[in-house]
Amino acid sequence: MYALVDGNNFYASCERVFKPSLRDKPIVVLSNNDGVIVARSNEAKALGIKMGTPIFEINKLVAQGKILVFSSNYPLYGDMSHRMMQIFSEFSPDMEVYSIDEAFLDFSTFGNIDFKKKGIDIKAKVQKNIGVPVSVGFGQTKTLAKIANRIAKKFMTNTGVAVIDTPKKIEKALKMTEIEDVWGIGRRYSHFLKQKGVKTAWDFTQLSDTFIKKNMSVVGLRTKEELLGISCIPMEFVPPTRKSIRTARTFVAATNSYDFVAEAVANFAASCGQKLRSQQSVAHLLTVFLRTNPFDKKNPYYANSFTIQITEASSSSIDLIQHAHKALQIIFKKKYKYKKAGVMVSGLQPDKHRQLTLFDDGHYQKHTKVMRVMDKLNAENGYELVKIGAQGASRAKLLKQEQRSSRYTTRWDELLVIKC
DNA sequence: TCTGGGGTCCTAGGACCC
DNA sequence: TCTGGGGTCCTAGGACCC
């Protein structure tokens, strides 16, 4: 048996932990830049607010005080997530951290235990130690655990735990699960399947293998097997190293200033460098992309990208920024106003196996030392104490975050301000 | 006026090899 | 008229996840 444990309305619940007065109130959390809604409390859901709604569509409700709004506070959610995972792992050493708010737990070595009780224990301990409500779903495959979790959240509101452990329960669970709620069936496929008369997860399992393979590839076939209790998607106990890394942002206002975009791109490249170093990788390819505002009907749309081959693979922010600026100069056109830009590094390999070239000038070794010191200082002293000159003096102007809560668990100075 | 960010996997088709 | 067989690698596009 596998369990899927996840935080209910995770970001919204994190905000509530530190402001108990928000309990029972409709609250939403916004994306970076305060653009769209990415998390909602149950009360906000009850008001009919949908995931991904642009904030300006609910301005009226906000002005009337009927709904409370928070900018996203990722340092807080990340730290809360880490603490929550610690608790999860106490219940099974075989854990896969699947996303910021959910994890699979493998109970296959536990024999025939009382899963319902186990789920209730997990929920109680997380509630007590972290203060975030969670739901727990048990099933014989990861896909079934996902379905059980959904049922727990939707129907088992008293316990928050659901167990699917017999063929009879599987059938019942599949019949009450809409096809679009199945893990692995997204918007396109559920639309397609509904046209074919497939409404529930159960209907899907009645389709022939050839039909599924033909229209949905082996991925669809795996989902069918998983729904029938045959495990095809293995646990990943250690997070795989990333094959590509990207940092991108939407700008608060569209701009045609090369200097502004270049500084932003320098920050994105530096961020990619930091992420590369944290997983001990170097990159062979660096892509810079930018685009104008696709919602702007008055001005022509322009989107472009350019990829640089890095002969001497690197994770040095200094190198990456230089390459990024080279790429930017190729695609930047002054006549457009840019709304979004980003940097992606790919062709990653372990830094230990970095390929040397004939023309290696040894600068990489020097950079490595500088980067090590920079990363250490930044880790110890808070956010980006030391950075590269091209990144500019302040990063604050890149992000609109008007309603951000304090970094309660990671920034004691902010917490102190609140207490005063 | 205002619309997020960061990933993965699979397949088909083209280019190339002997 | 008839035009081999068996591969690999790369890329773009489409699907999915949170």
Side-chain angles (χ1 to χ4, degrees), chain A residues 4 6-7 9-11 28-39 50-60 62-63 69 71-74 77-78 81 96-104 142-143 146 149-150 179-193 212-223 226 232-234 236 239-254 264 268 271-272 275-276 279 284-285 287 289 291-299 305 307 309 337 339-348 398-402:
Chain A
L4 178 74
D6 76 345
N9 318 324
F10 185 64
Y11 296 167
V28 296
V29 178
L30 304 179
S31 61
N32 264 332
N33 256 345
D34 293 352
V36 303
I37 290 164
V38 296
K50 298 250 173 352
M51 193 77 166
T53 306
I55 182 64
F56 63 81
E57 285 182 15
I58 61 156
N59 274 345
K60 212 171 157 190
V62 177
V69 177
S71 299
S72 47
N73 186 349
Y74 289 106
Y77 311 146
S81 166
E96 173 184 340
V97 176
Y98 181 65
S99 76
I100 191 163
D101 75 326
E102 61 190 304
F104 288 103
K142 287 163 96 177
T143 308
K146 274 272 195 184
N149 178 284
R150 222 177 157 278
I179 187 66
E180 67 262 35
D181 294 329
V182 174
W183 189 42
I185 311 273
R187 274 241 309 271
R188 302 298 285 255
Y189 283 146
S190 53
H191 180 74
F192 166 76
L193 289 167
I212 296 177
K213 173 79 167 39
K214 182 163 168 265
N215 293 288
M216 303 171 67
S217 84
V218 296
V219 182
L221 218 44
R222 276 202 284 263
T223 299
E226 283 257 322
C232 308
I233 306 173
E236 285 177 15
T241 53
R242 301 259 162 266
K243 294 171 179 169
S244 70
I245 289 169
R246 93 163 49 195
T247 302
R249 291 289 178 278
T250 301
F251 302 139
V252 175
F268 305 151
S271 159
C272 287
K275 293 177 195 170
L276 276 173
Q279 69 160 34
H284 274 107
L285 297 168
T287 304
F289 50 93
R291 66 161 167 76
T292 59
N293 185 353
F295 299 101
D296 183 350
K297 299 287 173 244
K298 291 195 289 280
N299 294 299
S305 70
T307 301
Q309 287 246 20
K337 287 193 159 189
K339 183 67 176 167
K340 183 176 185 172
V343 171
M344 181 169 103
V345 287
S346 50
L348 309 189
L398 260 183
L399 276 187
K400 183 162 112 184
Q401 286 198 322
E402 290 172 349

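As a basis for the values below, the full set of heavy atoms in this structure was taken, side chains included, without hydrogen atoms, waters or symmetry mates. Predicted, not measured: the structure shown is a model, and the values here were computed from it.
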Under 4.0 Å protein heavy-atom contact, by nucleotide of nucleotides 8-14 of chain C - B base, S sugar-phosphate only: -------
From B:dG6, B:dT3, C:dC16, nucleotide with atom closest to A:Val36 side chain: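 It is B:dT3.
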Shortest side-chain distance from A:Ser244, nucleotide among B:dT3, C:dC16, B:dG7: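 So the side chain of A:Ser244 is nearest to B:dG7.
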What nucleic acid atoms does [X] come within less than 4.0 Å of, heavy atoms only: base, sugar-phosphate, or nothing?
X	value
A:Asp34	nothing
A:Val97	nothing
A:Lys298	nothing
A:Ile100	nothing

Set of side-chain hydrogen bond (donor to acceptor under 3.5 Å, both in side chains) partners for [X], sequence neighbours left out:
X	value
A:Thr287	A:Thr307
A:Ser31	none
A:Arg242	none

Pair assignment for DNA chain B - dot-bracket with | for other-strand partners, Watson-Crick or G-U under 3.5 Å: ....||||||||||||||
Trace of the side chain to side chain contact (heavy atoms under 4.5 Å, CB included) decision for A:Tyr98 with A:Asp6: CA-CA 10 Å; A:Tyr98 181 65; A:Asp6 76 345; over 6 Å; no
Set of residues satisfying side-chain contact (heavy atoms from CB on, under 4.5 Å) with respect to A:Asp296, sequence neighbours excluded: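 side-chain contact (heavy atoms from CB on, under 4.5 Å) check on A:Asp296 returns A:Asn293, A:Lys298, A:Asn299.
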